[in-house]
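Each remark here refers to the structure printed beneath this line.
Order of the sequence lines sets the chain letters (A, B, ...), proteins ahead of strands, with each chain counted from 1.
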Number of protein chains: 2
Amino acid sequence: MIFKKLLILSGVLVGFSATCSAQSNEWRALNPDKTVLLTLPQGKVVIELAPQFSPAHVKQFTQLVRSGHYDGNKFYRVIDGFVAQGGPADGSPQDKAVPELKIEGDWSTDKNWQFTKVQDNDLFAEQTGFKEGFPLGHNPSENKAWLLHCPGIIAMARSNTPDSASSHFYITNGQAPRYLDRIMTVFGRVVYGMNHVQSITRTATIEGEEPISENAQTPMLSMQIMSDVSKDEQIHLEIENTEHPAFIQKLADRRARKNAFFYKKPPPVLDICQTPVLSRMVSKK
Amino acid sequence: MIFKKLLILSGVLVGFSATCSAQSNEWRALNPDKTVLLTLPQGKVVIELAPQFSPAHVKQFTQLVRSGHYDGNKFYRVIDGFVAQGGPADGSPQDKAVPELKIEGDWSTDKNWQFTKVQDNDLFAEQTGFKEGFPLGHNPSENKAWLLHCPGIIAMARSNTPDSASSHFYITNGQAPRYLDRIMTVFGRVVYGMNHVQSITRTATIEGEEPISENAQTPMLSMQIMSDVSKDEQIHLEIENTEHPAFIQKLADRRARKNAFFYKKPPPVLDICQTPVLSRMVSKK
């Protein structure tokens, strides 16, 4: 009985600590239930999911990952400076069985809504900023916010209608295709192994070259939720806390460019997609 | 005598055709004297040099390439979402022997100066646009123009003073670090093999990981001017002509997004660094 009480108390304490971490710690640990391990032939990629912003997409993606849906799928549409897109063979039973999702392209904000603002009058948004590590756009005039298509985000592909995404996804591999913001559902971002994402074989690198054969397409060896991975294969990461004063100070420093290297100051603006949110490996014991 | 006249005539015609190509052809061939073939372990990379914008840097770089300066050099500073930087061992005799260059960060324009405008009120420039395939910034209020740090450009590294670049260079591998515009000398851009540039081994992918050993750094197997490469190893490319009406129409179409996929129209703006200028392989006989 005493043991049980202690356990409950411990749970409360853990919960309290997690709630406080937004204010108190410069780094936050990834939740292994909301983290994906994608294994490619060239190496491992870790993706943080964003159920707080795109709950239905994360729920369906997580179920698909757990069912083995993506294991052995291929990146069949890979365009340099744009995206690596993958999924099951088009029109296969495996493909058709997946229900279509309602788009989660943006959401409504109110007066109490907050984020770590980075820039006003960005080319595609009235404001940009970070929330819980994710790059966001925000139009106060519309009371709308959305996840941005910065390099390394994962989003669901779809056909022409907005509510037609199912399981095919893409990861952005070059300059941010921001024109896709709000009309696609972004649901996570790569926090480790972006070099492996960028080296996924292009399916046609250049006009006038033959498209590569299906055999040459990069496969997903496996896709797993991190908490399902065997303990010795798990990768534990911490991510910079974008709500912490230290991060906010870093943004100010980056904008000011006080280092002597900047003999002439650049314009005091920040492209949010070129503003890093760092990851670090948690040391293994 | 008649034969000689014909040759001269032919020369004139060729010259005329080259002069006219800015208006008349949708594609232009790369000049092999102003093109670099960089061979990496993972594949071949082709770089178009920009002597029309950065003449002193291109001249010195070309001499260094021809002297074998870069063969066997390594990419010793490779940061994800930023740059792959390479050159000779710091402070080595080979390194110290290279003269320092005056920065060619921007240049003056006059009323007759023209380019293919892409966007007004870009975050970092009053205007952006293309000239001869290269992405440029332009501030009419200052009468200044400059080459942009879009993904895949090559620029000279330097120390804190502006006129300290010599032979160490970097290629941008992620979102454009536009804050470096005008304070560094961009002198070319990758027109083929960007996937190989992006897969150059990072020297420290993530905080908390050990830096990689020097042996694991990606080497430049060779760096050659294309006209010096044996004929059967040459790569011949054509690049979209950014002065041609067809390209200008493509920009307008891209801005309008009339395809049914855009069920909701994105803002009618273009990020120049996400606006492709295509390359195509010239068919081999």
Discussion item. Let me confirm one number: the CZ-CD distance from A/Arg202 to B/Gln198, rounded to the nearest 0.5 Å.
Written reply: 5.0 Å

Worksheet item: Nearest 0.5 Å, what's the CG-CG distance between B/Asp122 and A/Asp122?
Response: 10.0 Å

Worksheet entry | Of all pairs that satisfy salt bridge (charged side-chain N to carboxylate O under 4.0 Å, His left out), the ones with a partner from residues 146-162 of chain B, not counting sequence neighbours | none

Worksheet item: With respect to chain B, which residue among A/Asp271, A/Thr161, A/Asn259, A/Val197 yields the maximal number of heavy-atom pairs within a distance under 4.5 Å?
Response: A/Asp271

Worksheet item: Among residues 169-183 of chain B, which residues come closer than 4.5 Å to chain A, judged by heavy atom distances?
Response: B/Asn173, B/Gly174, B/Gln175, B/Ala176, B/Pro177, B/Tyr179, B/Leu180, B/Arg182, B/Ile183

Item to complete: Count the heavy-atom pairs under 4.5 Å between each of A/His196, A/Lys265, A/Glu238, A/Met194 and chain B, then report the option with the highest count.
Response: A/Met194

Discussion item. Before you tell me yes or no, could you show the steps for B/Lys264 and A/Asp106 under side-chain contact (heavy atoms from CB on, under 4.5 Å), namely the whole-Å CA-CA distance, both residues' side-chain angles and the distance that decides it to 0.1 Å?
Written reply: CA-CA 12 Å; B/Lys264 214 163 57 178; A/Asp106 56 19; 4.0 Å; yes

Item to complete: Name the member of B/Pro162, B/Pro266, B/Ser199 that forms the most heavy-atom pairs with chain A at distances under 4.5 Å.
Response: B/Pro162

Worksheet item: side chain to side chain contact (heavy atoms under 4.5 Å, CB included) with B/Leu123: which of A/Leu270, A/Val269, A/Ile272?
Response: A/Val269

Discussion item. Under 4.5 Å from any heavy atom of chain A, what part of B/Ile103 do you find: side chain, backbone, both or neither?
Written reply: side chain

Discussion item. Shorter than 4.5 Å, heavy atoms on both sides: which option in A/Pro276, A/Gly81, A/Gly152, A/Ala260 has the most such pairs with chain B?
Written reply: A/Ala260

Worksheet entry | Part of B/Ser159 within contact of chain A (heavy atom distance under 4.5 Å) | backbone

Item to complete: Please look at B/Val191 and chain A and tell me whether the side chain, the backbone, both or neither of the residue comes under 4.5 angstrom of a heavy atom of that chain.
Response: backbone

Item to complete: Please look at A/Gln119 and chain B and tell me whether the side chain, the backbone, both or neither of the residue comes under 4.5 angstrom of a heavy atom of that chain.
Response: side chain

